[in-house]
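Computed from a predicted structure; not experimentally measured. For the numbers below, each heavy atom of this structure counts, side chains included, while hydrogens, waters and symmetry mates do not.
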Amino acid sequence: MTDNFIYPRWFGGSASCVAVLFSHPFDLVKVRMQTVPEGARQSTIATGIKIVHLEGVKGLYHGLTAGFMRALTYGTSRIALYEELKQQAKKYNQPISTPTLGMMAATSGFVGAIFGTPADIANVRMQNDRSLPLQQRRNYRNVFDAWAQMKRIEGWRSFGQGLWPNCFRSGIMTASQLASYDSFKRLIQNLCNTNEERPSIHFTASLMASLVATSISSPMDVIRTQLMSSSDRTSVIGIVRNLISSEGSRWLFRGWTPSFVRLGPQTIATLVLLEQHKRVYRMMKSDRI
């Protein structure tokens, strides 16, 4: 394992934590829109205003501890594994095409979701809790209290609620996010006839990647949110059947706008910070040699 790769590995998770501070309110709005019945659904702005009116500004940050935990588990592991796979391919002089990047990223996202699912479940439930009737609310205080109550009331199986749909969703999202980012970055560098690692290139590539990732992962994101917000044993097929019967094909992109508003800044913050950190770290290593 090369020295210049050790430190940036965990930085992907810390960069994701920084992004959570800004993206969490939009994630909460997205979850609320994905879990309410069609007849009660409002626009993104109306949903956000309603939350602030009923719960205050603090209401936009319900589940923040679970959001941080998700970034530390899922965010760190998927980015670290993706960078490691790329590093190993370069080490053995393997060509890295766009399909290869997609497979690496999909694998990384799938594995990362295994580690991040327990925090993801707590995050979804805490974000959606205030929209439920009083008698149905779980009132988790933080991510650790959520896990303790889940174990006591529902058993260990609750920690894997929606695991496989979440893994597939994360694999698809990571492939369309990280792989498309690298592909867009190379395309922009070729168009600009440069190999420089410019912040403007990183920003543009990450913005385009977030558009792709939001659109491709939207259907699985809706299914995963429905599964995780429920304590009942519900199947993916049952959820899809109910969604199609009540909404037709409209459910495929339910909550797309807040999802993009969340994922866009999060992708930009995570990847731009990661690229800048790599640049600084390479400079520090070269100065020591």
Side-chain angles (χ1 to χ4, degrees), residues 4-5 7-20 22-23 26-27 70-72 74-90 94-113 116 167-218 220-221 256 259-282:
N4 66 346
F5 189 67
Y7 186 55
R9 277 184 168 189
W10 64 265
F11 189 76
S14 62
S16 296
C17 283
V18 174
V20 166
F22 302 97
S23 64
F26 301 106
D27 192 30
R70 180 178 182 273
L72 289 172
Y74 166 67
T76 299
S77 55
R78 75 181 182 121
I79 292 177
L81 181 57
Y82 180 62
E83 292 293 333
E84 173 67 8
L85 291 174
K86 289 197 300 181
Q87 187 78 3
Q88 291 300 316
K90 291 177 182 178
Q94 297 295 319
I96 305 180
S97 61
T98 298
T100 301
L101 285 174
M103 291 180 62
M104 291 178 176
T107 301
S108 303
F110 189 95
V111 174
C167 286
F168 283 109
R169 174 257 179 196
S170 298
I172 293 170
M173 197 277 289
T174 302
S176 55
Q177 184 187 51
L178 299 185
S180 65
Y181 168 76
D182 283 330
S183 299
F184 281 132
K185 186 174 76 169
R186 288 194 303 199
L187 175 63
I188 296 170
Q189 286 175 327
N190 290 336
L191 290 175
C192 296
N193 196 26
T194 180
N195 289 322
E196 293 183 25
E197 296 286 343
R198 299 174 183 171
S200 58
I201 293 177
H202 300 155
F203 178 89
T204 304
S206 58
L207 178 61
M208 295 170 70
S210 64
L211 277 167
V212 173
T214 303
S215 300
I216 292 179
S217 64
S218 180
M220 287 302 297
D221 195 33
W256 187 94
S259 183
F260 172 69
V261 174
R262 176 192 72 87
L263 190 61
Q266 186 181 56
T267 301
I268 293 169
T270 301
L271 298 180
V272 171
L273 284 171
L274 185 61
E275 292 281 15
Q276 292 307 303
H277 178 269
K278 288 180 179 178
R279 182 181 66 84
V280 172
Y281 189 70
R282 284 193 294 265

Distance check, rounded to the nearest 0.5 Å: [X] atom [atom1] versus [Y] atom [atom2]?
X: S215; Y: M173; atom1: OG; atom2: CE; value: 13.0 Å
X: I172; Y: I216; atom1: CD1; atom2: CD1; value: 8.5 Å
X: M220; Y: C167; atom1: CE; atom2: SG; value: 9.5 Å
X: I96; Y: R186; atom1: CD1; atom2: CZ; value: 7.5 Å
X: S259; Y: D221; atom1: OG; atom2: CG; value: 5.0 Å
X: Q189; Y: I201; atom1: CD; atom2: CD1; value: 5.0 Å

For L178 and L101, what are the C-alpha separation, side-chain angles and deciding distance, and is it a side-chain contact (heavy atoms from CB on, under 4.5 Å)?
CA-CA 8 Å; L178 299 185; L101 285 174; over 6 Å; no

Can you sort out the partners of [X] under side-chain hydrogen bond (donor to acceptor under 3.5 Å, both in side chains), two or more places apart, ordered by chain and number?
X: T204; value: none
X: K86; value: D182
X: S183; value: T98
X: S217; value: none

Will you find, in the side chains of E83 and Q87, an N or O donor that is under 3.5 Å from an N or O acceptor?
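No, Q87 and E83 have no side-chain donor paired with an acceptor closer than 3.5 Å.
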
If a pair satisfies ring-ring contact (aromatic ring centres under 6.0 Å, His included) and one of its residues is in residues 181-208, list it, with sequence neighbours excluded.
none

pair S210-I268: side-chain heavy atoms closer than 4.5 Å:
no

With sequence neighbours left out, write down each residue that passes salt bridge (Lys or Arg N to Asp or Glu O under 4.0 Å) with R198, or none if nothing qualifies.
E196

Full working for side-chain contact (heavy atoms from CB on, under 4.5 Å) between Q266 and V20
CA-CA 7 Å; Q266 186 181 56; V20 166; 4.2 Å; yes

Sequence-distant partners of F260, ring-ring contact (aromatic ring centres under 6.0 Å, His included), two or more places apart:
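Partners of F260 by the ring-ring contact (aromatic ring centres under 6.0 Å, His included) criterion, ordered by chain and then number, come out as W256.
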
Closest contact, heavy atoms only, [X] versus [Y]:
X: A213; Y: Q177; answer: CB-CB, 3.8 Å
X: S206; Y: L271; answer: CB-CD1, 4.2 Å
X: S108; Y: L85; answer: OG-CD1, 3.8 Å
X: A105; Y: T174; answer: O-CG2, 3.1 Å

Assess whether side-chain contact (heavy atoms from CB on, under 4.5 Å) is satisfied between L81 and S77, documenting all intermediate values.
CA-CA 6 Å; L81 181 57; S77 55; over 6 Å; no

Is N190 atom CG crowded by more than 12 heavy atoms from other residues, nucleotides or ligands, each under 6.0 Å away?
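Atom CG in N190 is packed in, count exceeds 12.
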
If you look only at pairs with a residue in residues 94-107, which of them pass as a salt bridge (charged side-chain N to carboxylate O under 4.0 Å, His left out), with sequence neighbours excluded?
none

